[in-house]
Every structure is written in structure tokens, then in C-alpha cells.
Amino acid sequence: MIKNTLLALLFLISITSNAQKFEGLAETPPLGWNSWNTFGTDINEKLVMEIADKFEELGFKDAGYEYIVLDDGWMAKERDANGNLVADPVKFPSGMKALADYIHSKGLKFGLYNCAGYTTCAGYPGSRGYEYQDARSYASWDVDYLKYDWCNTPKLNAEGAYMTMRDALKTAGRPIVFSICEWGDNKPWEWAEDVGHLWRVTGDIINCWDCEVGHGSWSSSGVWKIINMRKNIRKAAGPGHWNDLDMMEVGNGMTDAEDRTHFAMWSMLASPLIMGNDLRTASKETIKTLTNKEVIAVNQDKLGIQGFRFSNENNIEIWIKPLDNDAWALTFVNMSDKPIQLDYDWEKHNIGDDLNGKYVDMKKTKFTIRDLFNHKDLGDTSKHLQSVIESHDVLMVKLDKKN
Ligand code: GLA
């Protein structure tokens, strides 16, 4: 009897200790690079090593970018005779462990992609039925991050499928950031806080301001379509669990102004900042945007509060994000196709955030104003803020409380 009770207790302890994600891995939104947006399945180890080199050379590492993630297409089309995943021998002749070692030698971290279904979206072996085995492979290759997709999952329950992979990773024992990618279809913001560290909230991004491009059964969305797609999900974001607006398209064909806005908005919304461009050919302006430490600091603010749309008048959207130390980030976006002269009277607009119980009487409390893209101080909130904002561009400022 005692023996049975003890065994039952041990069993309970073992399942409850597995049934949790690794904590402390994404206290601020993950920063990194992913191969998909630019390269699709056309990836190889030389490319990835060159990207890792660029992280150092061009200041991405210094700006805080950490993860280099291989998306779909890194595997051979078949598992080996023992059911193990294998790296494509032509694209990755040295294997995944060697690539992980190279990336780690640069002080960076290494991520891989797979899928909860029988096959990945591009038709490579998925993890369905192999979750624990695959998790052991990732751990043995020193993987630090797993993006886990949702193609070819007929009748699977999303929460259950992602919990299985979470538990498999936990059991394999290597701390791995778990990036859920089921496109928001099953409302992960309602259940994924204890399952993964980030979850995609929409289908795939595409490099345009506000377009939608159909591909038959699914479509890709431009920057503003993604921003506007989900309502009331900001409360789900916070240290360790983030709404993921998808890999960025900065440097992939929009104007520099649109790229700035895209980057500012992903920062305001506390989205993971995962670059999706070819770092080897990035323009000076693209590099400048992506390595802007003052903007990244807004994204990485330790409170981890996702910003929100504060107002939308006369083609100017104003977004607000409460920051640590009673500071605030505000982003003014010119949504029109012409420049706009901004004349903003702070005293007429008290700022606040109901969700977090933060309110400021702007007549009583004064703030200094810092322009985060131009790295300039703009005086304080006792005077109107005046500035010309170009079409589709932003004025992104940080307000710090004056003593
Ligand atoms: C899905 C994901 C993308 C990418 C591709 C790979 O579409 O949403 O981000 O991973 O699959 O096939």
C-alpha cells in the first residue's frame, strides 16, 4: 500500500515536473535573425556562417541580437533508419552540431525549425509522433531555440500538440526557447503563457505597408494588416511570453521610412525582433534602423508591456508604451502619402494605460523628450512638439519624468 502510494506520488512529481516550460529564457522579447523571409528553403551552412560573421562585423550582436534561426528546409527529406532527423547532407555537410558550435563560438545562439504536423510546410519530416526523439536531437546538437509550425496537423488539438513538444524539450533537458507558430488560429494568447515563450499571432508577413497577398488557401499580410489583425491581446504579453508579429521585413523592399515605422511598431508592441533580411547585402540605412539601440531599448524594456494605439486622427496614429521608471515611449506615425506638420500640445492629452493602471496628468507632470531615431533631445513637454513627419515615417520619442 505504502509502496503504491509512493509510486503514485513519484509518478505525479515526474509528470508535473515535465509539464512546464523552461523559465527565464525570454524575459525580454528575443532578438535574432531567421532565414525564411529572404531565403526560403534555399539555405546552407556557408550562408549561415556568413550571417553569424555579419552579426559581429555590422554591430547586430552589439545591439543585442542573439539568435540565428534556420527555418524550413534544413533537413534531409527522410529520417535515418532509426527515425532520427538528419541535416540535409548537401546544404549542411558538417551537420548541425558543427554549425551550432560555430554560432556559439561567436557568442550567439542557434535555433532550428520544425512542425507539429506529419510534415513541415515545405514538405520535410515533421515531428508528429517523434516529439521526444526530435527534442533529444536538438539537445544533443546544442540548439537554443525551436520554432514549431502548424502545417499538416489534421484533427490535432493545438494546445495539446504544443504542450507535448514543450514537455519533450523539458525532458530532453537543454533550455530551449519555444516559439509557437500556429498563426493565431487557435488563440494561443489565451493558453500559451505556460507552453511557449512566444507565439505568432497571424499568418505570414510580406514586405509591404498594408497589402494582403493571396496564395490560394492562405494569404500573407503587410505590416499594418498584421498590426490591426488581433484585438485585445496585449494583456497576454509580458516577461517570458510574447505576442510574435512575425519575422521582420526591414530591408526587404519597403522604403526606408516604412522600414523605420515597421521597426518602431514591432518595438512598441514588444514583439520579438527577428530580422528577415540578407545581412550580407543590407544597406547602411537598413543597418542603422535595425541596430538603433534607443529603439531596441523600448522593445527590451524590462516591464515588458505591449504598447497600444492611443489615438488616430488626421492621418496620424499615436501609439504608447509604458516603460520602466515612469517613462513612456510614444510613436507618431504618418499614415498618409504626404508629409505632415505635427503640432502636438502635450497638456491637452493626458496619457495613461488602463490595463496597467498608469495615468499622467500632463499639466502637472513634465517630461524631457528624446527623439529615438534622430538621437536628439527635443526639449520638454511644457512646449508643443513640432516636427515634420514624412509619409509613412515616424517620430518616435521617449518621455522621461523631469525631477
Ligand atoms: C509557415 C510559417 C513561416 C515559415 C514557413 C516555412 O508558413 O508561418 O514563418 O516558417 O511555414 O515553410
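First listed ligand is number 1; within each ligand, the first listed atom is number 1. Remember, predicted model here, so these are calculated numbers, not experimental data.
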- request: Measure centre to centre between the rings of W224 and W209, then say whether the value is under 6.0 Å.
  value: yes
[X] bridged to [Y] by N-O distance under 4.0 Å:
X    : Y    : result
K358 : D354 : no
E294 : K398 : no
R200 : D149 : no
K46  : E50  : yes

query: Taking any residue with a non-hydrogen atom under 4.0 angstrom from an atom of ligand 1, which ones do you get?
result: W36, D71, D72, Y113, C121, A122, K147, D149, C181, W183, R200, D204, M247
message: I'd like to know if C121 pairs up with C151 as a disulfide, counting it only when the SG to SG distance is below 2.5 Å.
response: yes
